[in-house]
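Numbers restart at 1 for each chain; the letters A, B, ... are given by sequence-line order, proteins then strands.
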Amino acid sequence: MGTLRNLLCLVLGFAIAAAAAASWTPARPVLTVTEKLERYAEAADAYDVLAIGSSLTYRQIIPSIFDAAARDAGRPMRLYNLGVDGMRPPEDTYLLEEALALRKTPLEVVLVESNRLRFPIRPQDEETVRAIYWHDTKRLATMARFALGSDARRSGVREDIGRIGETLPTLWRHVDYWFRNVSALGRGHEALIAELLEAGPPARGIGPDGYAPPPARDGLTFDEKRRYEEAVASLRVGAARYDSGDSLSQAELAEKRRIIEASGARMVLILPPDPMAKHFFPTDESQRAAVLDFSDPNAYPELFDRADRRDPSHLDVRGAELYSRLLARQLAARLGSQP
Amino acid sequence: MIPEIANAPHPILFVEFRFVWIFALIFAVHWSLRSNTARKLWLLACSHVFYGCFFIGNPVEFFSDVLGGRFSQLPTGWWFPSLLWLSTVMDYLVGLGIEGATTARRRKLWVSGSLSANLGVLGFFKYFGFFDQNVRVVVDWLGLTPSWGPLQIFLPYGISFYTFQSLSYSIEVYRGRLRAERSFLNLAFFIAFFPQVVAGPIVRAYAFLPQTKRIVSWSSVDVRGGLLLFLVGFFKKACVADGLARISDLYFAAPERYDAFSAWAAALCYAGQIYCDFSGYSDMAIAVAGLLGYELCRNFDFPYFSPNITEFWRRWHMSLSSWLRDYLYISLGGNRGSTLFTYRNLMLTMILGGLWHGASWTFVAWGAMHGIALVTHREWSRRTTGAPRLGQAMKWIAMPLTFYWVVLAWVPFRATDVYIDRMEASDRGVKRLIRTPAGFQDATDHALIYPFAIGSLEEDESTVSVPLLVLDRESDVWTGKSPNGSEIAIRLHQSGFALTGKIWRSLVLLEDHSTKRVCSSAIVLVLGVLALVHGLNARGGLGDGWRRTPVWLFYGLLGAGWGIAVVLKSVAYTPFIYFQF
């Protein structure tokens, strides 16, 4: 009884002190994410379209080009680019919830880059605020469901145990990050250090519409050219472009759609022109209807011109301009018939 | 300079969340076992798994790679934990051998064998690369070209600590102060006990082995004291040391970019960092061992308040300094000879003590500086014995003077020869940092490039060509802004002594290398508060007052302390400085 009481006092003391300390310290800036959300918050209600995804969105959808093309197509829209390098579900779902909460009026469309759930943490994100900030209880539950694997259960107990053995350490990391997030770990530290080092605000060259061009690069290397050509050639002869992923990725996509529709907007899924990976594709028929698919080199040969590639997966700025125009036209055409 | 271990996992730190869970499991099973042998077996197994994880990372992945025959994916140092077993088995046999030897010559042979083997292994891993490096310099100086390539020898974590610990056992048995341990389990447990295996305190066999022979009851454990000490250690390391490191790392990367104020701020920050880092680790190790019913020796006793350098060495890294005194200084002859002979022994002991920290001439310089100070203090004491007034007058400046010397000596200790071993860099920036000054074995380390810890690195897995951070080049220094907007500087190559010279000019002559400051003057307030708290603690602080609080209130306050510590903790993964030694 005494042990239980002591434990309760310990937890209570911890919770009160951590909450108090966290309330006195500012939230830690997350590279790119914080700046993008702040820019968006400045004029959230001025935008009609929000694009969310990885660098395939961040570096490839240029809002100014998109807006002009939509206007030319007779369907004026303003787009905000909320893409962040390396962002995958469920991080993007968290960010989407944050962004939608900033609006007073509903958005018209949310363009969602189609990606499957990423369970492992990117090595470069380990121990960073980027890995911590999206780990709320909801996201932790998603990761726990993934680790404990309802999909794997069908494959037999032995495989199940083996899989859990492999996924458990990663789930552990997620629990760790969740704890750090809810306990505001390190917030006071960062605030104090920022004060001592007289650090200024982050400067990532992000424009008011959320776009920033990628760092310059001299096109593809010899090896990249070879790999790229091989990938495009196989797509041209009908190689599989889609991957339906696992059931949790599908569920995450459905959840995203629910959130977007609950906010009064509609979700349009984007399959970007990346020939190097299979694109996550919804199994649900009703979701397939809202897909804009740019992944086919036969349908969009102009997006697969080697000269407009920054690297095998990404377009360069000229390619991004082309892609933004095409995206605006396609979306305008799609919305034109569905006011 | 320690080569990086390829594909090295992150060592488990006491300040990590995962350690809390690991320890909770160890603790629960340990206290649920009734037999002393079972407890020791459990802790021995845990200790080896804990130590092994420093090299193999996730055991599930490791064994799945082994069973799957994917040997090329194993971390380079995966077999290093076997060295710990080797050392244990050898000293067990040596102990029995010494006791069973019938002549003094045989006893000497046994102990020489232990010394040669233990120091041979340590010497190979720690100093062979250094030796090779210096031979290459000489060969180059002679105008010849070495016919062999540079050696890549990896230093196993904790080898300096457990080697000294197991050596102390053999020497004590040899000197007849300790009976050889018959139980292999007891000796193996003594050498591998996880709280201290990686970074000490260097426990003496005569203090620990008796503890392995009796069963500890839960009621005799000072739970409150242990929990409080762990929190204090955590706060020192995760909140203070890692915070101060952010300033000292920035300054030591490019001192020529800052003024004399910055030099002082950074030097004091480093002094605070290394103390809080190491004493924090020791506090946590002592607390963890205490909660399992074992007592480890104290390692620090407010050394920065020492009135002289001799006293400093009685209070700093006490387990190492007493080891060096008992087994090196005394073996060299100690003060059983002329004054000059004693001074020679002091100098040798300190220089070897410096080398123990790392294979670099800067560590030798650090040891030599302390040796000179010890000799000077001894000579001064000898000459002023009959002058009490002088002693009284010196009392006021003795402590600041001692501290000043200690701070000056930390400069070569911190200024390692090469900052970044390998770096893929182009004219536009840095792609990936492989190595950092402290020698931490991590490809994307935060120790020097701390701003990386503030935000993510902008590199998608599919766009590896995107630089992590765009920096500009100023001769051999890369400079730029970190994700949070603060300054960042990375030096490619630097002689430790050249760096030391620059910093000393600022510390001694107050020479400004530029008008820029590494941090705001608020650091004076921060350091002042830290010194004040430390000073109050040295004078007794709260004393045992906290023991008189009601138990529920104690736990409530302890929880509150943890709540504050967690908010003030550094986010970055920063290994303990002494892990590299």
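- Only the backbone of B:A238 has a heavy atom closer than 4.5 Å to any heavy atom of chain A.
- Here the shortest heavy-atom pairing between B:D242 and A:H189 reads C-CE1, 4.0 Å.
- At a 4.5 Å heavy-atom cutoff, the contact between B:V526 and chain A is made by side-chain atoms alone.
- Using a 4.5 Å cut-off between heavy atoms, A:V175 touches chain B through backbone and side chain atoms alike.
- At a 4.5 Å heavy-atom cutoff, the contact between A:S183 and chain B is made by backbone and side-chain atoms alike.
- Comparing A:A18, A:A20, A:C9, A:A17 by heavy-atom pairs within less than 4.5 Å of chain B, the highest count is held by A:C9.
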* To do: Could you walk me through whether B:K569 and A:R187 pass the side chain to side chain contact (heavy atoms under 4.5 Å, CB included) test, one step at a time?
  => CA-CA 8 Å; B:K569 180 192 183 299; A:R187 264 204 212 178; over 6 Å; no

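- Among B:G563, B:C239, B:A265, the residue making the largest number of heavy-atom pairs under 4.5 Å with chain A is B:G563.
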* To do: Run the numbers on A:L196 and B:R246 for side chain to side chain contact (heavy atoms under 4.5 Å, CB included), then give the verdict.
  => CA-CA 10 Å; A:L196 284 173; B:R246 303 270 288 264; over 6 Å; no

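- Put simply, CG on A:L10 and CH2 on B:W552 are 13.5 Å apart, with the number rounded to the nearest 0.5 Å.
- Neither the backbone nor the side chain of A:L7 comes within contact range of chain B, judged by heavy atoms closer than 4.5 Å.
- Using a 4.5 Å cut-off on side-chain heavy atoms (C-beta onward), B:V567 and A:L185 make no contact.
- Atom OH of residue B:Y555 and atom CG of residue A:N6 lie 5.5 Å apart, to the nearest 0.5 angstrom.
- A distance of 7.0 Å separates CD1 of B:I22 from CH2 of A:W172, quoted to the nearest 0.5 Å.
- For A:I16, no part lies under 4.5 angstrom from a heavy atom of chain B.
- You'll find the side chain of A:R180 stays beyond 4.5 Å of the side chain of B:V566, heavy atoms only.
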